[in-house]
Amino acid sequence: MIVLLTGDDEYAIQEQLNQYKAEIDAQWLTLCYHRFPAVQLDKALSVARTRSLTGGKKLVIVENCHLKQWGDPELATLQQLVQLPNSTILVFVATNVDKRLKVYKHLVKYGKLFEFSLIPPWRHDLIEQAIVSLAAKLYTNTTDNAVTAKKIKLLLSEEAVAYLAQAIGNDMTRAASELRKLDIYAQGRKLELAEVQELVPCQTQNSLQLAAAMREGKSHQVLQLLDDLLSRSHSEAWRKSIPLMVIVSTILTQFRTWLWVKSAIVSGVKKDGELAQLCNISNPHRIYYLRQEVANTSINALAKAVTMILDVEMSIKRGADGRDLLVVILGVCRLFQVV
C-alpha cells in the first residue's frame, strides 16, 4: 500500500501513522518499522521493495516530502513503486504539496491521498466538537490490566469545553496533552470550568490582547503582555516551543482578519452579512466590533504586519527563539504608532 499524507494538522497525521504502526507486530518493530528523510528516497525505496523477513507487514515512512525538492532523478526512482510487495506500507508525509508536479501525479496514480487540514481558528464550534471527540477517543476503552477494560472517559462541563477551545485554539497536539493531564487530575469525575482554568493556561486570550495592543501601537503594553505570555511555563522546553507557536498563530489570524475586513470595506462592501461571508467570519455580529477596530487603521500597515508575522512564523518553525518574535512584534507595533 502506498499513501501520501498531506496537511498542516500534525496531530492528525501522527495519529494516522500510529494506526499503520499498530498493524506491525510489536516484537518485530526493529525489523519492520523504518523512517527516512526525503533526501534518502533511494534508500527508502530499497527497503520498501524488500519483503518482510517476518512474513508480516513492513512500514516505511518518508518524511518532509514537499515534492519540490524532487526532480527527474527522483521521479525515475519512484518508478519502482510498482515493484512494492503487498506486505509493505509506504507512506510519504508532506505539510503541503504542489498538485501540478509530475512527482505528485505519479504518487497519487499508485497510492492513496489523505489530506489533514487544521480547523480554522475562528471556528470555535468545530474546535469544541474536536475536543469532545478527542476526549472520548483518548480515554474510552483504556486498560487497567490485561483482563479488565476500563470504560471511563474524561468528562467536561460545556463551559469547560468552551474554555479549552478558547485557551488551546486549533492546536490538537496541545489539546491531547492537556486532556491527558486533566484526565489524571479528574480520576473519573466530571470537571467544571474553574478547575480546568487552574490547570490549563489561556494563551489565546492574552494573545488576542497582544494583537490589539500591537494594532494600537502601544509598545509598553505589548512588552508587558508578551512577557506575561512567555513567563507562563512549566518548563524551559515548553516555553520555547508551544507558546511561541500559539502566540504567533493567534496574532496572525487576528491581523489577517483585520486585513480582510479592511480590504472588503475599502472595496465597497457595506452589508455585515456579506462582509462576514467574504472574511470567513462565522458570527456576523462580530463585524460591528471589527469595523470599529479597523476604522482608523491603514490597510498598508495591516498588509505589512501580516507579511512580517508570516516571516517570523516560518522562522520559529525552523527553530528560532523568542528574540525574533520580540523584534517583529515591536516592529509591527511601530507601524501603527501615530507620528
Salt bridge (charged side-chain N to carboxylate O under 4.0 Å, His left out) between Lys262 and Glu293, intermediate numbers included: CA-CA 9 Å; Lys262 186 70 175 184; Glu293 291 167 2; over 6 Å; no
Taking only residues at least two apart or on different chains, which pairs with a member in residues 90-102 satisfy side chain to side chain donor-acceptor pair (under 3.5 Å)? Asp98-Arg100, Lys99-Glu115
Under the criterion side chain to side chain contact (heavy atoms under 4.5 Å, CB included), I'd like the reasoning laid out for Phe36 against Ile61: C-alpha separation, chi angles, the key distance, then a yes or no. CA-CA 6 Å; Phe36 297 94; Ile61 301 171; over 6 Å; no
Validation row: Val196, Glu192 side chains within 4.5 angstrom (heavy atoms): no
What is the minimum heavy-atom distance between Leu154 and Ala186, and which atoms define it? CD1-CB, 4.0 Å
Asn18 atom CG, neighbour heavy-atom count above 12 within 6.0 Å: yes
Look up atom CG in Leu191 and atom CG in Leu155, then write down how far apart they are to the nearest 0.5 Å. 8.0 Å
Distance only, no hydrogens: is a donor on one side chain within 3.5 Å (strictly under) of an acceptor on the other, for Glu159 and Tyr163? no
Nearest heavy-atom approach of Ala38 to Cys65 is CB-SG, 4.1 Å
Would you check if the side chain of Lys57 reaches a backbone N or O of Ser52 as a donor-acceptor pair within less than 3.5 Å? no
Side chains of Asp125 and Gln129: do they bring a donor and an acceptor to under 3.5 Å? no
Do you see a donor-acceptor pair shorter than 3.5 Å between the side chains of Tyr288 and Gln292? yes
Looking only at heavy atoms, what is the nearest atom pair of Val47 and Val60, with distance? CG1-CG2, 4.1 Å
Between Ser219 and Gln337, is the side chain to side chain donor-acceptor pair (under 3.5 Å) condition met? List the steps. CA-CA 9 Å; Ser219 299; Gln337 289 176 343; 2.5 Å; yes
Between Thr77 and Asp42, a side-chain donor and acceptor under 3.5 Å: yes
Note: Asp272-Arg291 ion pair, threshold 4.0 Å (strictly below): yes
Check whether any side-chain heavy atom of Met1 lies under 4.5 Å from a side-chain heavy atom of Leu84, and answer yes or no. no
Kindly give the heavy-atom pair with the smallest separation between Ala305 and Phe255, and that separation in Å. CB-CD2, 3.9 Å
Minimum heavy-atom distance Asp8-Leu118, with the two atoms named: OD1-N, 2.7 Å
For Arg35, which residues count as a side chain to side chain donor-acceptor pair (under 3.5 Å) partner, sequence neighbours excluded? Tyr33, Glu63
Side chain to side chain contact (heavy atoms under 4.5 Å, CB included) test vs Phe92 passes for just one of Leu113, Thr6, Asn64, Leu78, namely Leu78
Heavy-atom closest contact (Leu252 atom, Val306 atom, distance): CD1-O, 4.0 Å
So, the side chain of Glu274 versus the backbone of Lys270: is there a donor-acceptor pair under 3.5 Å, distance only? no
Taking atom types as modelled and ignoring hydrogens, do the side chains of Ser249 and Glu313 form a donor-acceptor contact shorter than 3.5 angstrom? no
Might you confirm whether atom CG of Asp25 has over 12 heavy atoms from other residues, nucleotides or ligands at distances under 6.0 Å? yes
